[in-house]
Visitor: 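Please see the structure below; I have some questions.
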Amino acid sequence: MSQERKAERYEPGGLERRWQERWEAGSVFAVHRDETRRKCYVLEMFPYPSGNIHMGHVRNYAIGDVVARFRHMQGFNVMHPMGWDAFGLPAENAAIKNRSHPATWTYGNIDTMRAQLKRLGCSYDWSREIATCRPEYYRWEQLFFLRLLEKGLVYRKKAPQNWCPSCHTVLANEQVVEGLCWRCESRVEQKELTQWFLRITAYGDELLDDLSLLEGGWPERVLTMQRNWIGKSHGASLVFDLEEPVGDVKSLEVFTTRPDTLCGVTFLTLAPEHPLVEPLMRGRPNEAEVMAFVARIRDMDRLDRQSDLLEKEGIFTGAHVVHPLTGRRVPLWLGNFVVADYGTGAVMGVPAHDQRDFDFAKRYGLDIRVVIVPEGEDPAGIALTEAYTGPGVMVQSGRFDGLPNEEGKRAVATYLESTGHGKATVQFRLRDWNISRQRYWGAPIPVAYCEKCGLVPEREENLPVVLPLDVKISEDGRSPLPTTPSFVDCVCPSCGGPARRETDTMDTFVESSWYFARYTDARNDRSAFSMEELSYWLPVDQYIGGVEHAILHLLYSRFFTKVLRDMGLFPADLSEPFTCLLTQGMVLKDGGKMSKSKGNVVGPTEMIDRYGADTVRLFCLFAAPPERDFDWSDAGIEGASRFLNRVWRLFVEERDMLVPMVACGAGSGDAVSEGGTSLRRKEHQTVKKATQDIGERFQFNTAIAAVMELVNAMYLAREALAGTEADRRVFSSAMATVLTLLSPVTPHLCEELWERMGHGESVYHQPWPVWDEAALARDTVPVAVQVNGKLRATISVPAGTDKEGMERAALADEAVQRHIKGMAVRRVVVVPGKLVNVVVG
RNA sequence: GCCUGGAUGGUGGAAUUGGUAGACACAAGGGACUUAAAAUCCCUCGGCGCGAGCCAUGCGGGUUCGAGUCCCGCUCCGGGCACCA
């Protein structure tokens with residue numbers, strides 16, 4: 001092959017490197033606040049620096065880059081940053097394994113992954129890059145912590161905690177998945193510990209209510225998941241007096257969603273962990289027996305305990321409470337099905353109207369009292385085989401008899417409030433967020449313990465409390481902080497005497513709860529960010545990431561946004577951090593997750609080496625719509641590569657036809673050959689479809705398909721083109737359109753051909769093309785003709801033909817005549833410009 | 001159990017408000033070019049039927065001139081929540 005022809009081949013490797021260097025040298029993607037321009041903040045969830053990017057990252061960032069480049073070309077001032085969620089346990093595990101340091105491992109991985117990421121050619125403003133493990137980042141988090149502490153939104157509490165024995169740390173409720181650690185899948189144990197909590201429950205109502213602001217911008221299922229997680233239920237808190245006080249305690253509180261069934265209460269059940277159990281049982285004859293039951297249930301595995309196969313089990317305490325309405329004696333039981341940390345850890349037993357209570361009563365021979373019956377039914381005649389939970393009227397309920405039970409809920413609560421025995425209330429499933437971690441590689445909690453002053457917050461001017469890097473990582477995985485004197489021994493911020501530093505670090509989800517705000521002012525060393533930058537850039541207009549973060553990260557970020565707003569650190573009118581959310585599907589291989597153990601991992605770097613980044617990006621976007629999972633296909637990426645070669649070849653082979661021309665640039669008045677007119681129409685159709693598919697529906701696959709069609713049309717059209725000036729313009733315009741529309745997907749190739757076409761400026765700075773409706777017009781339109789709903793012919797009529805004309809043309813068709821022969825035409829339905837349906841019978 | 005999303009050719013997927021089901025690709029088969037291969041180009045490609053045509057969007061009903069799309073009842077698969085009182 002001659003040198004000349006070789007030079008004309010599409011060789012992505014060098015081409016892509018060249019363009020990446022040019023973008024970087026020209027700081028093409030650096031952005032600044034510009035109040036005169038509309039902004040658009042496009043953000044992909046930042047990666048954990050695990051060591052190598054995988055196809056999931058590629059898909060995520062390819063989607064984000066298309067959105068960012070597309071919005072930029074539409075004229076928005078686009079911010080598109082990237083950074084590293086760099087604290088976390090894997091760094092410590094790797095350090096133990098490699099006998100290195102978590103910092104070394106983490107920073108090394110960041111360098112590797114940054115280089116890999118840069119080869120993808122995404123339009124990131126790298127000048128805003130952050131790594132959450134740097135003091136310049138976490139110092140602001142420590143400041144937030146102190147402010148939250150001041151506000152009472154951070155507090156310390158001793159409580160049974162989720163403890164992962166393998167990670168040697170506690171876990172938030174959100175991090176326990178089916179009783180297992182979310183990261184290592186060890187069985188989570190319960191351990192009594194004093195921990196730091198963020199009062200997320202104080203924002204429960206707002207976190208729930210504001211989900212409605214996200215309607216339309218967020219996937220419905222993510223909203224549902226958040227609603228479920230917050231789990232608000234309306235009901236009443238009811239007070240039952242103890243027959244005999246236990247110490248100072250004279251009454252028991254229960255939460256119920258069914259105050260209307262109060263008169264059906266025949267027993268009360270406490271969780272075995274209820275704080276009253278021990279004092280209540282002390283000195284009772286059955287103390288030993290009951291406490292043995294408590295110990296047995298408490299020691300049960302969390303997973304088994306939560307299993308729905310677990311049989312309901314309980315034990316009578318011997319004590320009684322007094323029914324707040326009837327004054328009846330109600331026996332007090334313990335039950336294994338009562339959850340200690342929901343509601344008050346005590347429930348009223350209404351066997352007639354709650355299936356759990358029904359099962360429990362059957363097993364232990366407890367009374368069943370029917371107090372709700374379907375309208376018009378006689379309670380005496382009812383023999384229950386299961387609890388009745390439907391609607392009805394209240395019976396055997398004294399003053400409330402005859403009341404519809406829905407009204408009764410309110411009536412009972414109101415009445416008890418007047419007697420001091422209850423009130424209407426709400427319960428949340430959401431728990432406060434335990435942010436203490438007994439780990440080394442995390443942000444230090446900026447407090448100290450002084451023998452004289454007790455717990456003392458660090459002074460703000462002393463921040464950051466720097467995580468010491470000169471520590472020895474122990475083999476057993478325990479944090480080295482408690483045994484590092486240079487860290488532990490500190491000066492009391494209050495009295496200046498000797499003090500001990502808090503050695504727990506913060507949950508890494510704290511870092512990721514506000515990073516999107518730091519990007520707006522990433523190099524600010526006087527504060528976390530400035531109000532000017534925040535007000536301009538926030539909220540994030542489009543957030544993109546995996547659905548696995550639907551609860552944890554997204555809930556925490558929403559919470560932080562509201563807290564920072566209320567502390568005056570975020571704009572007062574900013575309530576939600578992410579206006580629109582796109583949850584992308586996974587990249588699978590052979591129907592399953594890619595994993596090292598299965599040996600089915602497809603590495604992005606190998607693929608880029610082989611095909612180029614443009615091809616990898618193109619395939620990831622073309623294979624499926626972004627929300628859906630898709631299977632990696634070696635044949636599929638070949639196809640993507642073939643298409644880009646096809647574009648390249650078309651350009652090279654028709655180089656003589658091409659003149660510098662912007663997209664949709666051929667004037668509408670141009671008289672061109674027949675092939676040219678239809679090509680021009682196709683071009684504008686493609687612009688319309690691609691613009692709508694990318695901008696309104698995130699259907700990158702169909703947008704790409706549309707461009708493929710245009711390229712196919714150009715291949716066909718070139719036969720018909722005569723080489724006249726007009727033809728040249730039409731063809732050049734189509735080529736410019738292909739390059740412009742494709743440039744967000746395959747930026748390198750498009751830049752190269754754009755330049756070769758004779759344009760001075762980068763295609764990135766081109767305005768997104770606008771289609772001309774007039775160019776879509778055609779002289780004749782195809783019309784489908786049905787007889788009784790079945791397609792019988794396709795005819796062509798002049799554009800703008802009226803209904804009568806279409807009907808006439810349809811009935812004149814030979815095939816139609818054949819099908820209606822001998823039958824009466826009962827009706828003709830005409831859809832102008834599209835379809836005629838002749839109804840015969 | 002409750003809440004969700006989904007099921008369309010051999011495959012990934014199109015069909016945007018009810019209006020020509022299968023766009024665009026992948027795979028497969030046939031052909032052209034070539035000494036040969038690769039690359040490229042052309043043709044076929046849901047099923048049945050020689051054909052006119054008939055049947056087809058998980059299954060069964062319904063609404064409608066017309067249903068992949070709407071309604072009712074199921075089946076299967078995925079995700080979330082769950083003795084939450």
Side-chain angles (χ1 to χ4, degrees), chain A residues 9 177-178 219-233 235-236 254-258 261 269 271 305-312 335-339 341-350 353-357 359-360 427-429 547-548 550-551 583 585 619 622-625 627-640 642-643 645-646 649 689 692-693 696-697 699 701-709 711-712 715 782-794 815 818-819 826-831 833-841:
Chain A
R9 267 178 47 189
V177 182
E178 290 176 358
E220 194 52 48
R221 65 185 178 133
V222 174
L223 296 175
T224 308
M225 282 161 71
Q226 294 231 345
R227 283 193 190 101
N228 286 346
W229 188 265
I230 296 167
K232 183 180 186 176
S233 39
V254 302
F255 173 74
T256 179
T257 53
R258 295 293 306 274
T261 64
T269 321
R305 175 102 182 257
Q306 285 184 347
S307 155
D308 42 354
L309 301 170
L310 186 73
E311 206 163 337
K312 280 171 196 52
N336 64 346
F337 62 95
V338 183
V339 177
D341 60 2
Y342 181 78
T344 62
V347 296
M348 59 188 213
V350 187
H353 304 294
D354 182 287
Q355 191 57 40
R356 291 159 305 190
D357 296 342
D359 297 341
F360 195 75
Q427 268 300 321
F428 287 90
R429 210 192 73 95
V547 73
E548 65 273 17
I551 296 171
T583 51
F619 176 63
F622 182 63
E627 304 238 74
R628 218 181 290 190
D629 291 348
F630 81 85
D631 227 52
W632 181 265
S633 149
D634 292 332
I637 194 164
E638 286 283 351
R642 213 174 300 156
F643 170 67
N645 270 294
R646 203 167 141 78
R649 241 182 300 115
K689 173 124 182 83
Q692 292 175 344
D693 283 355
E696 294 161 27
R697 308 199 304 150
Q699 291 252 135
N701 54 334
T702 50
I704 293 165
V707 178
M708 286 174 169
E709 284 189 60
V711 171
N712 290 344
Y715 265 95
V783 169
V785 184
Q786 301 177 328
V787 176
N788 283 347
K790 284 190 190 297
L791 183 72
R792 295 303 178 189
T794 307
R818 207 166 58 236
H819 280 96
R826 298 196 187 278
R827 189 176 161 189
V828 180
V829 181
V830 181
V831 182
K834 280 205 110 156
L835 172 140
V836 177
N837 187 11
V838 183
V839 186
V840 294

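Chain letters run A, B, ... following the sequence lines, proteins first, then strands; residues in each count from 1.
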Visitor: Look through every strand shown and name the nucleotide pairing with B/U40 as Watson-Crick or G-U wobble, where both distances are under 3.5 Å.
Guide: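 Base-paired to B/A32.
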
Visitor: Starting at atom CZ of A/Phe630, determine the distance to atom P of B/A25, rounded to an integer number of angstrom.
Guide: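 The answer, rounded to whole Å, is 18 Å.
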
Visitor: Are the side chains of A/Thr794 and A/Val783 in contact, using a 4.5 Å heavy-atom criterion?
Guide: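 No. Closest side-chain heavy atoms not under 4.5 Å.
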
Visitor: When you measure only distances, ignoring hydrogens and angles, does the side chain of A/Lys790 come within 3.5 Å of the base of B/U20 through a donor and an acceptor?
Guide: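 Not at all, since no donor on one side and acceptor on the other fall under 3.5 Å apart.
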
Visitor: Between P on B/G13 and CG on A/Asp629, what's the gap in Å once rounded to a whole number?
Guide: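 Taking CG of A/Asp629 and P of B/G13, I get 9 Å after rounding.
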
Visitor: Please state the P separation for the pair B/C55 and B/G61 - nearest whole angstrom.
Guide: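 That atom pair is separated by 15 Å.
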
Visitor: Has the side chain of A/Asn228 got a donor or acceptor atom sitting under 3.5 Å from an opposite partner on the base of B/C81?
Guide: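 Result: no qualifying N/O pair found.
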
Visitor: A/His819 and A/Val840: side chain to side chain contact (heavy atoms under 4.5 Å, CB included), yes or no, with the steps?
Guide: CA-CA 9 Å; A/His819 280 96; A/Val840 294; over 6 Å; no

Visitor: Grab the CG-P distance between A/Asn837 and B/G19 for me, whole Å please.
Guide: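 Checked: the CG to P distance equals 13 Å.
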
Visitor: Could you walk me through whether A/Val547 and A/Arg221 satisfy the side chain to side chain contact (heavy atoms under 4.5 Å, CB included) test, starting with their C-alpha distance in whole Å, then the side-chain angles of each, then the deciding distance to 0.1 Å, before giving a yes or no?
Guide: CA-CA 10 Å; A/Val547 73; A/Arg221 65 185 178 133; 3.5 Å; yes

Visitor: Is A/Phe337 close to A/Asp357 at the side-chain level, that is, under 4.5 Å between some pair of heavy atoms?
Guide: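 Yes, close enough: below the 4.5 Å cut-off.
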
Visitor: Does B/G9 fall in syn (glycosidic angle within 90° of 0) or anti?
Guide: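 Syn, angle within 90° of zero.
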
Visitor: From the set B/C41, B/C83, B/G19, return the single nucleotide nearest to any side-chain atom of A/Arg646.
Guide: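 It is B/C41.
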
Visitor: Between atom CD in A/Glu627 and atom P in B/U4, what is the gap in whole Å?
Guide: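 These atoms are roughly 17 Å apart.
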
Visitor: Rounded to whole Å, how long is the line connecting atom CG of A/Leu223 with atom C1' of B/U4?
Guide: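 To the nearest whole Å, that distance equals 12 Å.
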
Visitor: When you match A/Ala640 and A/Phe428 each to their closest nucleotide on RNA chain B, which lands nearer the 5' end?
Guide: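 Nearer the 5' end of the strand: A/Ala640.
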
Visitor: What is the distance from OH of A/Tyr342 to C1' of B/C84, rounded to the nearest Å?
Guide: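 Going from OH in A/Tyr342 over to C1' in B/C84 covers 4 Å.
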
Visitor: Taking CG from A/Asn788 and P from B/C65, how many angstroms apart are they, rounded to a whole number?
Guide: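 Rounded to whole Å, this separation is 11 Å.
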
Visitor: Checking contacts here: which listed nucleotide (B/G13, B/C83, B/A85) is nearest the side-chain heavy atoms of A/Asn336?
Guide: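 Output: B/C83.
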
Visitor: Nearest to the side chain of A/Pro782, which nucleotide is it out of B/A85, B/C81, B/U20?
Guide: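 Taking heavy atoms from C-beta onward, the closest nucleotide is B/U20.
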
Visitor: Once you round it to whole Å, what is the distance between P of B/C2 and CZ of A/Arg221?
Guide: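 It works out to 21 Å between those atoms.
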
Visitor: Is there side-chain contact between A/Thr257 and A/Gln427, with at least one heavy-atom pair below 4.5 Å?
Guide: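 Heavy-atom side-chain distance check fails, nothing below 4.5 Å.
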
Visitor: Would you indicate, yes or no, if B/C84 has its OP1 or OP2 atom less than 4.0 angstrom from a side-chain nitrogen or oxygen of A/Arg429?
Guide: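 For B/C84, OP1/OP2 do not have a side-chain N/O of A/Arg429 under 4.0 Å.
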
Visitor: Between A/Arg642 and B/C26, is there a contact of a side-chain N or O with OP1 or OP2 at under 4.0 Å?
Guide: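 A/Arg642 to B/C26 OP1/OP2: side-chain N or O found under 4.0 Å.
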
Visitor: Strictly below 4.0 Å: does A/Arg227 bring a side-chain N or O up to OP1 or OP2 of B/C2?
Guide: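 Indeed not, no polar side-chain atom of A/Arg227 lies that close.
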
Visitor: Let me spell it out: for each of A/Asn712 and A/Arg649, pick the nucleotide of RNA chain B with the closest heavy atom. Which residue's pick is nearer the 5' end?
Guide: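 The answer here is A/Asn712.
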
